[in-house]
Amino acid sequence: MIRFFDIILSLLGLILLTPFFIITALCIVFTSRGGVFYAQKRVGQFGKEFTLFKFRTMHKGADKKNLLTVGTRDERINKVGHFLRQYKLDELPQLWNVLKGDMSLVGPRPEVRKYVDLYNDEQKRVLNVRPGITDYASIAYKNENNILAQSENPEKQYVEKIMPEKLQLNLLFIVNQSVKEYFKILFLTVKIIF
């Protein structure tokens, strides 16, 4: 049933947001060198890798320097990128990932292999479900980049504190997975953005 809602809502979103996609694409092209979209390998359901799409918010090649972004002090983020990240609008191209079946609208955020390799056996349970655009962890850590910006060692704080806490919230969703929880999380996400 959730897959049915994923298909309908992602298709509807892609159609309705086409004008926004065009405007955003033009803003990115005219303010920063490089392509409109950013593609990155992430680990999905059952540990299978897939290509995740976002609007490009960093200067070309900036992701090679570090995988974590650290709020407003991160010089790798372009002008349009700051706005897109603030309102999570850079995530909207993932509606294509949802339509394709790589992701769900709701589920644990997919990580890069580097961090997934650090999961313990309990945490690996998040790989049993389709990853999502939003979840309880995304809501709880909506200001994650700003938290990391205040840390002396963002990588260490992410691995030792933030990632384990997010995974605990992911496991909470997995245990209580239902259509009701699905729409509750979507509602909470929209409420936070607006």
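Between L169 and Y136 the shortest heavy-atom distance is CD1-O, 4.1 Å.
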Exercise for the section: Given side-chain contact (heavy atoms from CB on, under 4.5 Å), test T24 with L92 step by step and report yes or no. Expected result: CA-CA 11 Å; T24 303; L92 288 176; over 6 Å; no
Exercise for the section: Apply the test side-chain contact (heavy atoms from CB on, under 4.5 Å) to residues Y182 and D6: give CA-CA distance (whole Å), side-chain angles for both, the deciding distance (0.1 Å), then the verdict. Expected result: CA-CA 10 Å; Y182 176 90; D6 277 342; 2.7 Å; yes
Practice task
Determine, stepwise, if the pair I133 / R109 fulfils side-chain contact (heavy atoms from CB on, under 4.5 Å).
Solution key: CA-CA 6 Å; I133 293 178; R109 287 294 299 158; 4.3 Å; yes
Practice task
Please report the C-alpha distance between K114 and E155 in whole Å, then the side-chain angles of each, then the deciding distance to 0.1 Å, and finally whether the salt bridge (Lys or Arg N to Asp or Glu O under 4.0 Å) criterion is met.
Solution key: CA-CA 12 Å; K114 172 183 176 180; E155 178 87 13; 3.1 Å; yes
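K54 has a carboxylate O that lies under 4.0 Å from a charged side-chain N of E91, or vice versa, which qualifies the two as a salt bridge.
When hydrophobic clusters are built by joining Ile, Leu, Val, Met, Phe, Trp and Tyr residues whose side-chain heavy atoms come closer than 4.5 Å, directly or via intermediates, L52 is not grouped with F46. If you chain together hydrophobic residues whose side chains sit under 4.5 Å apart, I23 and W96 never meet in one group. M1 and L11 fall within a single hydrophobic cluster, where Ile, Leu, Val, Met, Phe, Trp and Tyr are joined by side-chain heavy atoms under 4.5 Å apart, directly or via other members.
In this structure, Q123 contributes its side chain and N120 its backbone to a donor-acceptor pair below 3.5 Å. R125 places no side-chain N or O within 3.5 Å of a backbone atom of I174 that could act as its donor or acceptor partner.
To the nearest 0.5 Å, atom CD1 of residue I77 and atom CG of residue N145 are 6.5 Å apart. Here the OG atom belonging to S138 is positioned 7.5 Å from the CG atom belonging to N170, to the nearest 0.5 angstrom.
Centroid-to-centroid, the aromatic rings of F55 and F37 come within less than 6.0 Å.
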Donor-acceptor pairs under 3.5 angstrom involving side-chain atoms of residues 184-194: please list them, not counting sequence neighbours.
residue : atom : partner : partner atom : Å
T189    : OG1  : T134    : OG1          : 2.7
T189    : OG1  : I185    : O            : 2.8

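In this view, K100 and D102 satisfy the salt bridge (charged side-chain N to carboxylate O under 4.0 Å, His left out) rule, not counting sequence neighbours. Contacts of Y119 classified as side chain to side chain donor-acceptor pair (under 3.5 Å), with partners at least two apart in sequence or in another chain: none.
No more than 12 heavy-atom neighbours from other residues, nucleotides or ligands sit within 6.0 angstrom of OH on Y87.
Side-chain atoms of S32 and K79, non-hydrogen and from C-beta on, never get closer than 4.5 Å to each other. Side-chain contact between E111 and V43 is absent, with no heavy atoms from C-beta onward closer than 4.5 Å. At least one side-chain heavy atom of P110 sits less than 4.5 Å from a side-chain heavy atom of F50.
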